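Read the structure below first, then the notes.
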Amino acid sequence: SSSVLSLPRVTRNIFYVPLLRGNETQPPAMVDAASRRLEFAGDGRGRRSTTDQGCNGTPNEPWRCHGCVHAGITSLVPLVAAMSLGFTSPALETMKGRVLVGGQYRQVPQELAIFKRAGGNSHDANAVADWFSSLINFGALLGALFSGWLCSRVGQRNVMLLSLVFIAMCWACAAFATAPWQLCAARIPMGLGVGLQSVAAPSLLKEFAPPSLRGTYGTAISAAIVLGVLLVDFLGGSVVRSGVHGEFCQWRQLAILVSLSALTVAGAALPLLRQSPLAPLPATPAPTRRLACRDDGTAFFGRLRHPAEALPHWRLLLAGFIPMVLQQLGGINAIMFFCQDILEDAHVKSYNLSGLLVVLMQLMGILVAAVLVERLGRRPLLLLSSTGMALSSAALSIMLQGKRPPVDGVVGCLCLFSFLFALGLGPVPWLLIPELTGLPKQHRIRLASFATACNWACSFIVTGAPLTAVQVRWGLSGVFALFSGISLTGAVLMALLVPETAVRTANGRQMARLVTPEAVDHR
């Protein structure tokens with residue numbers, strides 16, 4: 001056993017711990033290195049705990065506790081980013097200078113109706129508002145492209161810190177903007193910060209998660225996004241209001257609150273977060289590396305049902321790319337952005353309450369996914385979600401063809417669509433790419449950046465000018481018919497190309513992959 005310790009490299013994976021513990025003659029330097037490597041799983045002071053992770057994949061209590069804390073801190077970053085995305089929902093009508101109250105438009109104070117200054121009429125104000133809403137997607141696209149490169153050089157925590165600095169500074173500038181172009185200019189670097197964290201946060205969260213709960217922890221990102229949208233909607237719709245009946249949104253105060261939220265997370269929460277639980281290790285033997293990380297997993301799991309490592313690289317690339325694109329092209333952001341318009345067209349009187357119900361159903365779907373993602377696996381949830389979204393969109397398309405669509409039917413289909421999206425296509429695509437261990441690490445980083453950038457580009461498609469053109473030509477019925485066809489096509493492609501990335505033993509018990517995304521690729 002002492003001879004193998006002189007060979008060159010080590011696989012960074014938690015199976016190395018039992019090997020070290022069973023070797024009484026290992027050099028002290030190696031023991032100390034392993035202790036630093038597993039500081040996250042031990043007592044937090046560089047000493048290994050007596051309850052460290054074992055080969056059976058059952059997380060120990062210190063790891064579980066630390067993982068919950070770090071997952072909560074990491075999830076605060078996408079929550080703040082979601083507040084930037086949801087800002088337009090309560091504020092945009094006030095910024096355009098046209099607020100409808102009791103069937104009549106109210107005059108908005110000049111300091112709040114900033115988009116009306118663009119040309120003095122509603123058409124120009126709407127055009128500027130569309131640019132303000134969509135430019136954040138362009139910035140996020142750029143941020144996602146560079147995020148993987150930055151993560152590999154400065155670490156995920158520092159990338160998230162940089163993203164919060166961008167968000168805080170841009171919202172501070174927006175709060176004191178005096179012209180529409182200043183607001184639009186601030187949205188691009190703001191989107192840059194949103195895009196940076198959209199790659200860094202899921203990657204870091206997976207490293208902190210206990211191995212058998214990585215899927216469950218992964219749903220925290222989706223839950224944080226929904227909570228961020230709900231929070232900014234509540235603040236802008238109920239707290240920072242003005243007017244006789246609270247009909248105007250004080251969007252400048254709301255921008256300051258978002259900026260302060262970003263600074264609070266950056267200054268108070270992120271310093272508590274370790275850079276990564278996966279620190280570099282010194283060289284170890286090739287025989288140990290092969291024992292610690294077998295490609296087929298038979299040493300620790302039994303035979304894999306869906307061995308993703310055996311698939312060709314082109315299929316793994318498509319398996320990570322297709323769900324990320326379908327997540328947006330399925331139409332969830334269109335429903336979130338235009339839910340009130342859809343409900344108004346369906347003659348729903350309490351459209352504000354119904355819109356809140358749609359968002360709450362999405363949150364409920366995320367909670368259900370947190371339970372099922374480890375029991376059923378990633379692939380079944382993706383197929384169930386995309387197929388259900390296709391059927392819900394088709395039903396909505398049929399109902400919206402009539403002049404008086406059934407109110408209960410429209411609200412029910414919107415709630416079902418939102419729930420099914422959150423069940424699979426919401427959280428699972430963010431889990432897949434780090435778990436495609438058949439790809440070398442650098443390929444996974446590049447795939448994550450490119451796929452996330454395409455995700456933001458598709459978000460622009462379903463919320464910007466392309467969707468508007470489809471709606472003008474074929475109406476809302478045609479829009480949902482298109483979403484139904486895209487979701488159905490995506491379900492077929494995922495059934496053919498996406499493997500199950502959670503490991504199953506021969507008896508059918510599912511366990512999350514214990515090989516971390518930081519595993520050294522010996523290809």
Side-chain angles (χ1 to χ4, degrees), residues 67-68 70-86 89 194 197-198 201-206 208-210 212-234 323-324 326-328 330-337 339 354-389 392 412-435 452 455 459 487 490 494 501-502 510 512:
C68 290
H70 285 75
I73 296 173
T74 305
S75 299
L76 292 176
V77 181
L79 187 148
V80 172
M83 294 177 70
S84 301
L85 296 173
S89 179
V194 173
Q197 66 80 34
S198 65
S203 174
L204 185 61
L205 185 65
K206 185 177 184 295
F208 283 127
S212 61
L213 295 175
R214 280 184 181 145
T216 301
Y217 276 49
T219 60
I221 297 291
S222 297
I225 293 173
V226 176
L227 289 174
V229 173
L230 283 174
L231 178 59
V232 75
D233 201 14
F234 169 74
M324 289 290 287
L326 185 64
Q327 185 184 69
Q328 293 296 340
I332 184 62
N333 273 358
I335 287 183
M336 293 296 103
F337 280 37
C339 184
S354 299
L356 179 62
L357 179 62
V358 172
V359 179
L360 289 177
M361 287 299 294
Q362 187 175 350
L363 183 60
M364 185 180 298
I366 293 172
L367 296 178
V368 175
V371 177
L372 297 181
V373 70
E374 299 295 353
R375 298 185 179 184
L376 298 182
R378 284 64 158 149
R379 189 170 182 268
L381 290 183
L382 282 175
L383 298 180
L384 174 63
S385 177
S386 55
T387 303
M389 288 168 59
S392 302
C413 283
L414 288 174
C415 290
L416 182 61
F417 182 98
S418 182
F419 177 83
L420 289 170
F421 169 82
L423 193 63
L425 271 177
V428 173
W430 303 103
L431 305 174
L432 279 180
I433 295 178
E435 292 183 342
T452 306
N455 182 283
S459 176
S487 297
M494 288 190 295
T501 58
Q510 179 162 322

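Just so we're clear, the structure is a prediction, and the values are computed from it rather than from any experiment. Count residues from 1 along the sequence.
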Should [X] and [Y] count as side-chain neighbours, where that means a heavy-atom distance under 4.5 Å?
| X | Y | result |
| --- | --- | --- |
| Leu326 | Ser386 | yes |
| Gln197 | Val80 | no |
| Leu382 | Leu425 | yes |
| Leu376 | Leu381 | yes |
| Ser392 | Leu420 | yes |
| Leu414 | Leu357 | no |
| Phe417 | Ile332 | yes |

Problem - Under 3.5 Å donor-acceptor, Ser222 side chain and Gly426 backbone - result: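 Yes.
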Atom pair [atom1]/[atom2] of [X] and [Y] - distance to nearest 0.5 Å:
| X | Y | atom1 | atom2 | result |
| --- | --- | --- | --- | --- |
| Gln327 | Asn455 | CD | CG | 5.0 Å |
| Phe421 | Asn333 | CZ | CG | 7.5 Å |
| Leu423 | Gln362 | CG | CD | 11.5 Å |
| Ser75 | Ile225 | OG | CD1 | 9.5 Å |
| Phe419 | Ser385 | CZ | OG | 10.0 Å |
| Thr501 | Ile433 | OG1 | CD1 | 11.0 Å |

Can you see which heavy atom on [X] is nearest to which on [Y], and at what distance?
| X | Y | value |
| --- | --- | --- |
| Ala370 | Thr219 | CB-OG1, 3.4 Å |
| Ala369 | Ala422 | CB-O, 3.7 Å |
| Ser89 | Asp233 | OG-OD1, 3.8 Å |
| Thr74 | Ala201 | CG2-O, 3.7 Å |
| Ile221 | Pro202 | CD1-N, 4.2 Å |
| Met494 | Arg379 | O-NE, 4.1 Å |

Practice task
Any chance you could lay out the side-chain contact (heavy atoms from CB on, under 4.5 Å) test for Leu230 and Val359, step after step, and finish with the verdict?
Solution key: CA-CA 8 Å; Leu230 283 174; Val359 179; 3.4 Å; yes
